[in-house]
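Have a look at the structure below before the remarks.
Just so it is clear: chains get the letters A, B, ... in the order the sequence lines come, proteins before strands, and each one is counted from 1.
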Amino acid sequence: MRLSHYLFFTSKQVPAEAELISHQLMLRAGLIKQVASGLYSFLPLGYRILDKVVSIVREEMDKAGAQQLLLPFVQPADLWKKSGRWDEYGEELLRFQDRKGSWFVLSPTHEELITDLAAEILTSYKKLPVTVYQIQIKFRDEIRPRGGVIRAREFLMKDAYSFCEDEEQMKDIYERMRSAYERVFSRCGLDCKVVEAESGPIGGDISHEFIALSPAGEDKVVECNSCGYSAKLERATSIPSQQVDKEDEKQLEEIETPGVKSIESLSSFLALPMRKLLKTIIYQTEKGYVGVVLRGDYDINEEKLKKLLKAKEIHLASEEEVREELGMEVGFVGPVEANNKLLFVVDETVMQGKNFVAGANKKDTHFVNVNPGRDFSPYLVGDIRFVSEGDKCPLCGSLLQVKRGLEVGHLFNLGYRYSSKLGASFLDKMGNKRPILMGCYGIGVSRIPAAIVEQNHDDEGIIWPMEVAPFKAVIIPTSNETFNFSQQLYLKLRDVSEEILWDDRDISAGVKFKDSDLIGIPLKIIVGNTFLKEGKIEIKKRKDGQLIKVSKEKIVGKLMELMQYG
RNA sequence: CGGGAUGUAGCGCAGUCUGGUUUAGCGCGCCUCGUUCGGGACGAGGAGGUCGGGGGUUCAAAUCCCCCCAUCCCGACCA
């Protein structure tokens, strides 16, 4: 491809709207262009990258035995009503009417459609198991799109669905998908972690996420360097940093704390570390009000709380509710002498401590030397906190680290949630009607290029791994004297690979070098002074700057080798 | 949804507070000519703007007021 007529542009200036390095570089290299909030065009260079990721995904899915199909982007509402998600999905689901007034949605995901399809076709155990996938546009009306293509509203996703007879088949396919994912991400040049995850609104119990580690990531991951334990922060457990207080239980005492409402201010007011304070938070649940008690240095994990309580809906009680219905004072809430008013759920770390400070349920008053068991009794004790830096690994006891990352892939065992609601069942060997066991496996395809850039860049720009680079090499003539030869070389190389660009633009060599490095082309084929003096063509690697000189007779072979093995 | 900010040429910005010689500027980019030509060259000339949209105030509005739209950032209840 000759660059002089290629639809691309580069920019020295950092676009004002871009915060993340990947977003900035993708805009500066002219890979993407924003159309509206969360909507992006992929320009030819960017599209070639995306297309390579798509090919990798397709190859690995096919190898794993999945069959590609294509489901519509626009779906009728009634399927969503059947599955219950018309009401559950919320405002992220974009709904609209056609000219006849029928309701439709722009697909945020395709479980409904695929289950409906499976219900019709997969009626016998003889067909199972089956795995299908598609690479399709999705639309989620995100509250706040951010980071360019990292969190866009319209995005490209690979979603696969498996249909199994039983858990044994399910496990087999789940594992096959998992190793396919490992190959996909490693071919993309991504450094990924597999972590235990929450399945969120999609449903299901077993779930793993593939996280590309990056400080720009939106997700937090807990990991142990010595035994390899890793999990999403929401799900991670730990051995608390301070195990058991050895001190004696002291006399309960009331103290005045005028206007001291937050843990931070209480900590500095009393000159005590946050872990010696108790925070008590009141939730409204379908079982009534629940007081949640945690050490001051931990944050509450609502998902864990929900599970422990076996509650469907929980939300924080408002200040008015706390004051008017419970007669407690916000800022000074505590578990002591309050068991008659509400139940207390207590984090396990609290039970190991002694002589805490807690709210006295009176304005401007706290108790000191509060001891769990003696001064209040919990209704439930469990792990309801987020792991924090400095906690110890639940498996081996080493220090845990909290890191950021980007979710690029997700595996779910969906169970029977969709098959039972949408009537997808099959007849087993015995002639019994049973619901199909489903799995669902996503890859955020259009987010991958951004994740790669996050992990592969330097001050000059992007450094594409060979397999996803938009072009593998660019021929750069540095002067008029070498232009003609560069053209001959281009014509010759064009016959063996369409992965080579020819920078035939009438501009100075410096600009060509800079552009090539910004865009991230792995190899520069430089035809310049060295060619005029020594008859040698230079090949310079983007990654490490290594310079290789070759004669024009050997250039094709050497290039083929480098393009294949990097 | 709450808070903060921004909207002026393809991109990055100044001008707005204090309305009037501003024909609305500057840098990058773009076009022409010449000199350059191995890491974002230089000179000369040139094209490009309904100042986000609508309404209002005024002799006069990019500038003041009202409404709308768009975009970005932070937060979404940790008492």
Check whether Phe471(A) forms a cation-pi arrangement with Arg48(A) (NZ or CZ under 6.0 Å from the six-membered ring centre, at most 45° off the ring normal).
yes
Starting from P on A76(B), measure out to CD on Glu302(A) and report it in whole angstrom.
11 Å
Option from Val350(A), Asn301(A), Val293(A), Asp347(A) for which side-chain contact (heavy atoms from CB on, under 4.5 Å) with Ile384(A) holds
Asp347(A)
Within 45° of the ring axis of Trp86(A) and under 6.0 Å from its six-membered ring centre, is that where the NZ or CZ of Arg95(A) lies?
yes
Quick one: Ile143(A) CD1 to C73(B) C1', roughly how many Å, whole number?
15 Å
Will you find, in the side chains of Ser4(A) and Asp504(A), an N or O donor that is under 3.5 Å from an N or O acceptor?
yes
Tell me the partner of A41(B), counting only Watson-Crick (N1-N3 plus N6-O4 or O6-N4) or G-U wobble (N1-O2 and O6-N3) with both under 3.5 Å; none if nothing fits.
U35(B)
Scan every strand shown for a Watson-Crick or G-U wobble partner of G19(B), both distances under 3.5 Å, and answer none if you come up empty.
none
Same-atom distance (C1') from G49(B) to G10(B), integer angstrom:
12 Å
Does U6(B) have a Watson-Crick or wobble mate here (both distances under 3.5 Å), and if so which one?
A70(B)
Whole Å only: how far is the CD atom of Glu17(A) from the P atom of C73(B)?
9 Å
Euclidean distance for C1', A62(B) against U18(B) (whole angstrom)
15 Å
Within the structure, does a side-chain N or O atom of Gln13(A) lie under 4.0 Å from either OP1 or OP2 of G10(B)?
no
Paired to U58(B) by Watson-Crick or G-U wobble criteria (both distances under 3.5 Å) is none
Between CD of Glu92(A) and P of C1(B) the distance, given in whole Å, is 15 Å
Chi angles and distances behind the side chain to side chain contact (heavy atoms under 4.5 Å, CB included) call for Phe332(A), His366(A):
CA-CA 7 Å; Phe332(A) 305 95; His366(A) 278 82; 3.3 Å; yes
With rounding to whole Å, what would you report as the distance between U16(B) and U57(B) at their P atoms?
25 Å
Which part of the nucleic acid, if any, lies within contact of Leu294(A), taking any heavy atom under 4.0 Å across all strands shown: a base, the sugar-phosphate backbone alone, or nothing?
nothing
Among Asp383(A), Thr349(A), Asp391(A), exactly one meets side chain to side chain donor-acceptor pair (under 3.5 Å) together with Ser238(A). Which residue is that?
Asp391(A)
For Ala18(A), report the nucleic acid contact type (base, sugar-phosphate, nothing); a contact means any heavy atom under 4.0 Å.
nothing
Could you label the plane-to-plane angle of the Phe485(A) and Phe531(A) rings as parallel, tilted or perpendicular, counting under 30° as parallel and over 60° as perpendicular?
parallel
Integer angstrom distance from the C1' of U22(B) to that of G39(B)
40 Å
Under a 3.5 Å cut-off for both contacts, is G75(B) paired Watson-Crick or G-U wobble with anything, and if yes, with which nucleotide?
C1(B)
Glu19(A) side chain, from C-beta outward: closest of C73(B), G12(B), C78(B):
C73(B)
When every nucleotide of nucleotides 29-45 of chain B is labelled 5' to 3' by its protein contacts under 4.0 Å (heavy atoms), B for base, S for sugar-phosphate only, - for none, what sequence of letters results?
--------BBBBS----
Just checking, is any N or O donor in the side chain of Tyr490(A) or Asp503(A) under 3.5 Å from an acceptor N or O on the other one?
no
What is the distance, to the nearest angstrom, from the CD atom on Gln34(A) to the C1' atom on G10(B)?
15 Å
Take the protein atom CD1 of Ile281(A) and the nucleotide atom P of A76(B), then report the distance between them rounded to whole Å.
13 Å
Pairing nucleotide - G48(B), Watson-Crick or G-U, each distance under 3.5 Å:
none
Atom C1', compared across A24(B) and U63(B): separation rounded to whole Å:
12 Å
Result for 5'-nearest mapping on RNA chain B, choosing between Pro15(A) and Ile263(A), is Pro15(A)
Applying a 4.0 Å non-hydrogen cut-off, can you work out what Phe9(A) is touching in the nucleic acid: base, sugar-phosphate, or nothing?
nothing
Nearest-angstrom distance, C1' atom, C51(B) to G25(B):
12 Å
In Watson-Crick or G-U wobble terms, with both distances under 3.5 Å, the base opposite A24(B) is none
Please measure how far the C1' atom in G15(B) lies from the corresponding atom in U21(B), and state the result in whole Å.
15 Å
Looking only at non-hydrogen atoms, find the nearest pair between Val290(A) and Leu342(A) and report the distance.
C-CD1, 3.7 Å
Does the side chain of Glu302(A) come under 3.5 Å of the side chain of Tyr283(A) through a donor N or O and an acceptor N or O?
yes
Length of the CD-P vector between Gln24(A) and C11(B), whole Å:
17 Å
Atom pair distance, as rounded to whole Å: CZ in Arg151(A) and C1' in C74(B):
16 Å
For A14(B), give the paired nucleotide (Watson-Crick: N1-N3 plus N6-O4 or O6-N4; G-U: N1-O2 and O6-N3; both under 3.5 Å), or none.
none
Could you measure between the two C1' atoms, the one in C17(B) and the one in C77(B), and give it in whole Å?
37 Å
Any side-chain N or O of Arg144(A) under 4.0 Å from OP1/OP2 of C73(B)?
yes
